[in-house]
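Comments concern the structure below.
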There are 2 protein chains.
Amino acid sequence: MARKQGSHAGITGPKVRDVALRLFARYGYAAVSMRQIAREVGVQAGALYLYTPDKQTLLFDLMRGHLDELLSAWAEADKGGPPAARLEAFARFHMRYHLDRPDTIFIAYMELRNLEPDNFAEVERLRDLYEASLIDILDAGRAEGVFQVPDTRLAAKAAISMLNGVTTWFREGGRLGQGEVESIYWDMLRKSVSG
Amino acid sequence: MARKQGSHAGITGPKVRDVALRLFARYGYAAVSMRQIAREVGVQAGALYLYTPDKQTLLFDLMRGHLDELLSAWAEADKGGPPAARLEAFARFHMRYHLDRPDTIFIAYMELRNLEPDNFAEVERLRDLYEASLIDILDAGRAEGVFQVPDTRLAAKAAISMLNGVTTWFREGGRLGQGEVESIYWDMLRKSVSG
DNA sequence: GTCTATATTCTGATAGAC
DNA sequence: GTCTATCAGAATATAGAC
């Protein structure tokens, strides 16, 4: 028989973040109320404040957590090697990682403006760190003469924008499978930085 | 001496849309209150309802207006000719048009989820119409053998994502001018659809 | 750790005076 | 066409019982 009351140590906290993630992604941070989150978690609104000091921190924690994980996931996935191989690894990693976490990624891009200045600065710093890892690959490839790009910082931005685009429309079970889409996007990216 | 009252026929209506556009872009539709809009327009909250039946319609009108203008602007800018020339025209038109209207574009992409179903369907229809004009160009180029893309629908989505990316970071007065950025992006796009 | 109850402020929208 | 006044409900967050 389901408990309506009592301790759920260690369970409610993550659940609050899971529910907030899903609701923020679906309706937007500003449109979601703490009551709505509480209802889906299965607690009273007041109880949420045991797990987060306020709504803003809840959003910030989701974003920072995402970027921390993204950075360490790429650090692990990056096997080094020649720039062209690293670029392909980056492109495929980026698309897979993002397609596996649609809600997280949606929030990371859409809710930047709802972060308070200090929180925004920290999120931007982490995002720039990730972008820097792509710029490094492009710089290495340009030095070796395998990539022809006039500006690696710009090329990195263009590449990430293109790859991000996948997440806005791709749904499993559509006309093309994820592997096909990945290959087509990678092929376009490869050509775009080649002679 | 400034009037605090009286008729402003034909002025307040557009001003309401201008202010709403700016505030929605800056803080998000859900986070902006009708009172906040009224304050910046310089009227009382109740007076807004003379110009829009409700907040949702205000958002929808901004989006539909934007897409109507985008479609007719491209219809006028499209001079025809060989596919490669049309693609370059499209790319440059798209970047310029979007960089000239940052607030409008921000809303068009970020506030889709805040549209009620019927309004969303109409906005999506107009957006697909715009995307179809790019697919047409890619199809024509592929038929002539000047573009090598395995899937023109996918390539259109990838291209638009990449070009849209410019609007998220470009600011006049930065390291590169708008013309340089346009040329670099166009060059990447050109290569990405070539052999 | 969760509850109920509540303080305080704000929300979208309407009514009716002028 | 704009005003003031107001409705009914919802918002974030806190206090204190258990």
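Labels below follow one simple rule: chain letters A, B, ... track the order of the sequence lines, proteins then strands, and each chain is numbered from 1. As a basis for the values below, the full set of heavy atoms in this structure was taken, side chains included, without hydrogen atoms, waters or symmetry mates.
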When you measure from the side chain of Gln44(A), which nucleotide among dC3(D), dG12(C), dC3(C) comes out closest?
dC3(C)
Which one, dG1(D), dG1(C), dA11(D), comes nearest to the side chain of Leu50(A)?
dG1(C)
Rounding to an integer number of Å, can you tell me how far [X] [atom1] sits from [N] [atom2]?
{"X": "Asn114(B)", "N": "dG12(C)", "atom1": "CG", "atom2": "C1'", "answer": "15 Å"}
{"X": "Tyr27(B)", "N": "dT11(C)", "atom1": "OH", "atom2": "P", "answer": "13 Å"}
{"X": "Ile37(A)", "N": "dA10(D)", "atom1": "CD1", "atom2": "P", "answer": "17 Å"}

Sequence neighbours left out, what passes side chain to side chain donor-acceptor pair (under 3.5 Å) with Ser183(A)? Give chain and number order.
Arg92(A)
My understanding is that only residues two or more places apart in sequence, or in another chain, count here; which of them pass side-chain contact (heavy atoms from CB on, under 4.5 Å) with [X]?
{"X": "Ser194(A)", "answer": "Arg190(A)"}
{"X": "Ser161(A)", "answer": "none"}
{"X": "Arg171(B)", "answer": "none"}

Could you pull out the protein-nucleic contacts involving nucleotides 13-18 of chain D (nitrogen or oxygen on both sides, under 3.5 Å)?
unit_1: dA13(D); atom_1: OP2; unit_2: Tyr49(A); atom_2: OH; d: 2.9
unit_1: dA13(D); atom_1: OP2; unit_2: Lys55(A); atom_2: N; d: 3.3

Going by an N to O cut-off under 4.0 Å, is there a salt bridge joining Arg64(A) and Glu124(A)?
no
Can a side chain N or O of Ser33(A) be found less than 4.0 Å away from OP1 or OP2 on dA10(D)?
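No, outside the criterion.
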Students should find that the hydrophobic cluster of Phe106(B), defined by side-chain heavy atoms under 4.5 Å apart, otherwise consists of Phe106(A), Met110(A), Met110(B)
At under 4.0 Å between heavy atoms, what does Val32(A) touch on the DNA or RNA strands: base, sugar-phosphate, or nothing?
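Here Val32(A) touches the backbone only, sparing every base.
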